[in-house]
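Count residues from 1 along the sequence. Please read these numbers as outputs of a predicted model, since none were measured by experiment.
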Amino acid sequence: MIDSDKKEVIVKVVNAAKKSQNIQVNLKGGKVKSKGDLIVLSSEKLEDLNSFDEPNKISPKELEIYSKKGIVSVTLDPYSFSILKFKMN
């Protein structure tokens, strides 16, 4: 997805498996900067949710990620939803 207002390429990925998954995302056509952001929501169990007792059981983690010649390699956590964001050149 391209956010024209923010000039960003955004990729959303779900890992519904109980094991980590290694993926590569090809952003060559998007002409993106090499540094991007990774936002991850994950939990140890698929059934986990936030509650009044544990309001932050599932909370976003933000990390920096890098593309090399438009290719991004990411290890997706088990039971996770990840958002990759890269500014366009």
Side-chain angles (χ1 to χ4, degrees):
M1 173 178 141
I2 296 176
D3 184 332
S4 300
D5 294 333
K6 293 184 179 181
K7 297 184 180 172
E8 288 182 325
V9 173
I10 302 169
V11 178
K12 299 174 184 179
V13 186
V14 173
N15 180 11
K18 63 181 175 181
K19 293 184 178 181
S20 297
Q21 302 289 325
N22 297 317
I23 65 165
Q24 284 190 334
V25 179
N26 183 339
L27 301 173
K28 288 182 183 178
K31 297 182 181 177
V32 297
K33 297 190 178 194
S34 62
K35 180 180 152 189
D37 296 312
L38 174 64
I39 302 166
V40 180
L41 287 171
S42 66
S43 184
E44 292 179 16
K45 298 179 195 167
L46 192 58
E47 300 83 18
D48 282 345
L49 50 90
N50 290 350
S51 66
F52 288 112
D53 293 331
E54 295 179 285
N56 296 314
K57 185 167 190 134
I58 303 172
S59 58
K61 293 184 284 185
E62 295 189 34
L63 309 163
E64 287 183 354
I65 55 173
Y66 297 89
S67 70
K68 187 173 185 179
K69 296 182 181 178
I71 304 290
V72 182
S73 296
V74 178
T75 300
L76 302 174
D77 291 343
Y79 304 129
S80 65
F81 173 70
S82 301
I83 302 171
L84 294 77
K85 293 183 177 184
F86 284 87
K87 294 283 186 189
M88 298 174 69
N89 286 328

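Every residue was checked against the side-chain contact (heavy atoms from CB on, under 4.5 Å) condition with K69, not counting sequence neighbours, and none meets it. Scored by the side-chain contact (heavy atoms from CB on, under 4.5 Å) test, T75 finds S20, N22 as partners (sequence neighbours excluded). Residues passing the side-chain contact (heavy atoms from CB on, under 4.5 Å) test with S42, sequence neighbours excluded: V40, K61, D77, S80. Every residue meeting the side-chain contact (heavy atoms from CB on, under 4.5 Å) condition with E47, not counting sequence neighbours, appears here in chain and number order: K45. Residues forming a side chain to side chain donor-acceptor pair (under 3.5 Å) with K35 (at least two apart in sequence, or on another chain): E64.
A continuous path of ILVMFWY side-chain contacts below 4.5 Å connects L84 to I23, so both sit in one hydrophobic cluster. The hydrophobic cluster containing V9 also contains L63, counting ILVMFWY residues as joined when their side-chain heavy atoms lie under 4.5 angstrom apart, directly or transitively.
Environment of NZ in K33: sparse, with no more than 12 heavy atoms of neighbouring residues, nucleotides or ligands closer than 6.0 Å.
For the pair V72/F86, a side-chain contact is recorded, criterion being any heavy-atom separation below 4.5 Å from C-beta on. Proximity of I2 to M88: side-chain heavy atoms (C-beta onward) are separated by under 4.5 Å at one or more points. V74 places none of its side-chain heavy atoms less than 4.5 Å from the side chain of V13. Between Y79 and E44 there is no side-chain heavy-atom pair separated by less than 4.5 Å.
Using a 4.5 Å cut-off between side-chain heavy atoms of Ile, Leu, Val, Met, Phe, Trp and Tyr, L41 falls into a hydrophobic cluster with M1, I10, V14, I39, I58, F81, I83.
One distance of note links CD of E54 with CG of N50; it measures 8.5 Å at 0.5 Å rounding. Between the CG atom of N89 and the NZ atom of K31 there is a distance of 9.0 Å, given to the nearest 0.5 Å.
Between the side chain of N56 and the backbone N or O of S59, no donor-acceptor pair lies under 3.5 Å.
Q24 approaches S73 most closely through the heavy-atom pair NE2-OG, 3.3 Å.
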